[in-house]
Structures are given as C-alpha cells and as structure tokens.
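Please read the structure below before turning to the comments.
Values below: every heavy atom of this structure, side chains too, minus hydrogens, waters and symmetry copies.
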Amino acid sequence: MKISVLALFLFIILACNHFLNGRHGLGIGISLIVFGFAANVWSLKYSPKLSPYIIFFGLTPMFVIALGFIIHIQKIIGVLWSFPAIVAFYHFLPEIKARIANLSLIIFTFPIIWNALEIELVIRIYLTMILVSLLAAVSIKFINEQELELKKSATTDFLTGALNRTRLQDILEEVISQNHRTNIPMTLLALDLDYFKKINDEFGHVKGDEVLKDVGAIFKQRCRKVDKIFRSGGEEFLILLYNTKLDSAFNVAEDLRKAVSKLDTLLRRKITISIGVAELEKQESYTNWIKRADDKLYLAKENGRNRTER
C-alpha cells in the first residue's frame, strides 16, 4: 500500500509536469500508469484479494503500453524506465505472473526499441534486461523462501513439528465459524503425557525431548492432513479433529493412546498419555471449548491416567 501510494503521488507529479510543458504524449503515457496505481490503491484498501488481478490485468498492461509511448518519444531515456519496471513486477506479483509480465514487456517494447536505436545498443539493452530480470527473479525467490521459513518457525514447534499456540486462536475461531455455517462437526482432543516431570528427572531433559518428539511423530502419522496438531505447553498437546463427531473422536483418541503406550523410547518406563475429548457445541467460544477438553483431560488423570474421557 505504501509503495503504491508513493508511486501514485510521484507519477501524478510527473504526468502534470509533462502536460504543463507541452509533452502530451508522455503525459498520456504516465497517466495510464497513474490510473493503474490508483486502481491498485483502491483495491488494497477495499478489496485486497483483487489487488494481484488489478496489477496483472490492469497496471501491468498499462505500464507496458505507457513504456512504449515513453520509449518512442524519449528513445534511450525512455528505455531506462524498463529496468525499475522489471524489478517492480517481481515485488508486486507472484513469481509466475511476474515472469509473464516481464516477457510481455520485452516482447512489446522490442519493435519500438529496434526502430528507435542502433542494433548494437538494442542487443546490449536486451541482454541487460534479461540479466536484471534473472537477478530479480532469484532475489525474490530467495526472499519468498526465507519468508516462508520465518513464518514456519514462528508458528511451528521445532521439536515436535506441531503447531504452537500462535495459530491456535485463529484456527479454532475459523473452524467454529465454519461449523456455524455448515454444521460440520469439530472435536478437540486435549492430551498430556503422564508423569513427564518424573521422566525428565529420571532420564534427563535430552531423553524427555526425545519422548516428546516420538509422541509428536505418532500424532502426525495417525492424524489426517485436515486435522491440526498443536503443542500447547511443555508436555501438553491439542488436536483438532476436522469433521469428526464425539464417538469417532473418542476412537481416534484411544488409537493414539494405545500407539503411544507401545513406544520403547524409555526401556525401563512405559510412556502413557491421558486424553480429554470435547465436541464443539452450538454458539460455543474457542476458550470454553478448550476448557471443556481440559476438564475431561483432568478427569482422565483423576481416574488413574492412561485413559480417555469424553
């Protein structure tokens, strides 16, 4: 938004300058860009999902056409505008669309540049354009990968691979909203490793981490992709079972409990978990839903641990 507003402001000044000085062709060309940026600013404010489409189907063609005007009139000076355009496409558009936009720019401006400049200069310009495009593509790809990695590390528990509490509220509120619209059943499992402090005290924290890692692996293996696994605390987990009623969720919980009890991570101690199961009720908040699952978990612990309560 900030880049678009700044660009809009600067291009308006540039267009006005051209019109006031009698350079109407350049003024018209710049005005096309102004219109494209204005549409993008509007979409970012009122309908952000439309922004990539407005940029690709609106601003990009306008910029390419305007660049043709500018090159035709200003020759080599106009060509210089192509380089920031190439970089801008990669910042405003997804990778594939940015490549298409750059290819369109190169193809559309080629006959104009060919007629305006000497052949040797044209070759140099296009080699430079291709190099700038490649460098921009590699840079943006690296930035996107780093951004995805940062997002993943910010929302994922590094030890178990489960989601952390950062996304918990958003995801639960989303499925609650979906349940209200469609009546799709949602059930929450609250899970806790039994006597985990004793495991750490007896075997050490390194072995305790290994236990958490192995338990997390079982959860991922035995849950579906649509289900969400959270590590909500030290040895505590929450599992959202999508489109699952209470009875089916209880069976899933029992399957998880039995699978964990078969782990041989600790040769001298059996690993067990206690589980509470709560199906989402009508008009229920996510905090109350979690509390009901936790209450069932505490009941499982009070009743002897290594069991599931619903």
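- Ser31 is linked by a side chain to side chain donor-acceptor pair (under 3.5 Å) to nothing, counting only residues two or more places apart in sequence or in another chain.
- For the pair Leu241/Val252, a side-chain contact is recorded, criterion being any heavy-atom separation below 4.5 Å from C-beta on.
- Phe110 and Leu134 are members of different hydrophobic clusters when ILVMFWY side chains are connected at heavy-atom separations under 4.5 Å.
- For the ring-ring contact (aromatic ring centres under 6.0 Å, His included) condition, the pairs that include at least one residue of residues 164-219, sequence neighbours left out, are Phe219-Phe237.
- Proximity of Val260 to Leu193: side-chain heavy atoms (C-beta onward) are nowhere separated by under 4.5 Å.
- Between Gly208 and Asn200, the shortest heavy-atom distance links the atoms CA-OD1, 3.4 Å.
- Partners of Asn243 according to the side chain to side chain donor-acceptor pair (under 3.5 Å) rule, which considers only residues two or more places apart in sequence or in another chain, do not exist here.
- Each side chain to side chain donor-acceptor pair (under 3.5 Å) pair with one or both residues in residues 100-119, not counting sequence neighbours, appears once here: Thr109-Tyr126.
- Checked for salt-bridge contact, Glu95 and Lys97 miss the test: no charged N lies under 4.0 Å from a carboxylate O.
- Leu299 places a side-chain heavy atom less than 4.5 Å from the side chain of Glu302.
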Handout entry: Chi angles and distances behind the salt bridge (charged side-chain N to carboxylate O under 4.0 Å, His left out) call for Arg305, Asp192
Key = CA-CA 10 Å; Arg305 291 182 168 84; Asp192 188 87; over 6 Å; no
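- Under a 4.0 Å N-O distance rule, the pair Asp247/Arg310 qualifies as a salt bridge.
- Inter-residue side-chain proximity for Lys228 and Leu163 is flagged as met; some heavy-atom pair is nearer than 4.5 Å.
- A donor-acceptor pair is defined here as one N or O able to donate and one able to accept, closer than 3.5 Å; no such pair exists between the side chain of Arg269 and the backbone of Ile199.
- Between the CG atom of Asp209 and the NZ atom of Lys207 there is a distance of 11.5 Å, given to the nearest 0.5 Å.
- The environment of Leu127 atom CG is dense: over 12 non-hydrogen atoms of other residues, nucleotides or ligands sit within 6.0 angstrom.
- Put simply, the side chain of Ser274 does not reach to within 4.5 Å of the side chain of Leu191, judged on heavy atoms.
- Taking each heavy atom of Ile107 and Pro111 in turn, the nearest pair found is O-CD, 3.3 Å.
- Residues Val215 and Thr160 form no side-chain contact, since every pair of their non-hydrogen atoms from C-beta on lies 4.5 Å or further apart.
- Hydrophobic clustering (ILVMFWY, side-chain heavy atoms < 4.5 Å, transitive): Tyr90 and Ile130 are in distinct clusters.
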Exercise for the section: Go through Lys245 and Glu279 one step at a time and tell me if the side-chain contact (heavy atoms from CB on, under 4.5 Å) criterion holds. Expected result: CA-CA 7 Å; Lys245 286 186 169 293; Glu279 183 178 349; 4.1 Å; yes
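- By the neighbour-count criterion of 12 heavy atoms within 6.0 Å, atom CZ of Phe108 is densely surrounded, having more than that number from other residues, nucleotides or ligands.
- A salt bridge does not link Arg231 with Glu236: none of the charged nitrogens is closer than 4.0 Å to a carboxylate oxygen.
- Note that CG of Leu280 is 10.5 Å distant from CG of Asn183, once rounded to the nearest 0.5 Å.
- No donor-acceptor distance shorter than 3.5 angstrom exists from the side chain of Ser43 to the backbone of Val41, with no hydrogens or angles considered.
- Contact detail for Thr308 and Glu254: the closest heavy-atom pair is OG1-OE2, 2.7 Å.
- Linking ILVMFWY residues whenever their side-chain heavy atoms come closer than 4.5 Å, directly or via other members, places Leu159 and Ile273 in the same cluster.
- Under the 4.0 Å criterion applied to side-chain N and carboxylate O atoms, Lys213 and Glu210 are not assigned as salt-bridge partners.
- Looking at every heavy atom in both residues, Ala249 comes nearest to Val277 through CB-CG1, 3.9 Å.
- With 3.5 Å as the limit, one finds a donor-acceptor pair spanning the side chains of Ser177 and Arg181.
- A heavy-atom distance below 4.5 Å is found between the side chains of Ile229 and Lys220.
- The hydrophobic cluster containing Leu135 does not contain Phe142, counting ILVMFWY residues as joined when their side-chain heavy atoms lie under 4.5 angstrom apart, directly or transitively.
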Exercise answer: donor-acceptor pairs, residues 68-84 side-chain atoms, under 3.5 Å, sequence neighbours excluded:
residue	atom	partner	partner atom	Å
Lys75	NZ	His72	O	3.3
Ser82	OG	Val79	O	2.5

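- Atoms CG and SG, from Leu256 and Cys223 in turn, are 5.0 Å apart once rounded to the nearest 0.5 Å.
- The environment of Lys282 atom NZ is dense: over 12 non-hydrogen atoms of other residues, nucleotides or ligands sit within 6.0 angstrom.
- Residues Ile125 and Met129 are in side-chain contact: their nearest non-hydrogen atoms beyond the backbone lie under 4.5 Å apart.
- The CD1 atom of Ile176 sits 7.0 Å away from atom CD of Glu284, with the distance rounded to the nearest 0.5 Å.
- Side-chain atoms of Gln178 and Glu174 form no donor-acceptor pair, as typed in the model, at a separation below 3.5 Å.
- A single hydrophobic cluster is seen to contain both Ile239 and Leu246, as judged by linkage of ILVMFWY side chains at heavy-atom distances under 4.5 Å, directly or through other members.
- Arg23 CZ: more than 12 foreign heavy atoms inside a 6.0 Å radius.
- Salt-bridge check for Arg292 with Asp295: failed, with every basic side-chain N at 4.0 Å or more from each acidic carboxylate O.
- Among pairs with a residue in residues 288-310, none fulfils ring-ring contact (aromatic ring centres under 6.0 Å, His included), at least two apart in sequence or across chains.
- For the residue pair Asn251/Ser248, the side-chain donor-acceptor check at 3.5 Å is not satisfied.
- The existence of a salt bridge linking Glu235 and Lys197 is excluded, since no basic side-chain nitrogen approaches an acidic carboxylate oxygen closer than 4.0 Å.
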Problem - Residue pair Met186, Thr244: steps toward the side-chain contact (heavy atoms from CB on, under 4.5 Å) verdict - result: CA-CA 5 Å; Met186 309 288 182; Thr244 307; over 6 Å; no
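- With rounding to the nearest 0.5 angstrom, the CD1 atom of Ile143 is 11.5 Å from the CG atom of Leu150.
- To the nearest 0.5 Å, atom CG of residue Leu189 and atom CZ of residue Phe230 are 12.0 Å apart.
- Not a single donor-acceptor pair under 3.5 Å links the side chain of Asn164 to the backbone N or O of Asp157.
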Exercise for the section: Tell me, with the steps shown, if Arg307 and Glu309 meet salt bridge (charged side-chain N to carboxylate O under 4.0 Å, His left out). Expected result: CA-CA 7 Å; Arg307 59 183 292 117; Glu309 295 287 349; 2.8 Å; yes
Handout entry: Criterion side-chain contact (heavy atoms from CB on, under 4.5 Å) on Leu172 and Ile290, from CA distance to verdict
Key = CA-CA 9 Å; Leu172 292 189; Ile290 293 174; 3.7 Å; yes
Practice task
Evaluate the criterion side-chain contact (heavy atoms from CB on, under 4.5 Å) for residue pair Leu266 and Ile271; output intermediate values, then yes/no.
Solution key: CA-CA 7 Å; Leu266 305 175; Ile271 301 169; 4.0 Å; yes
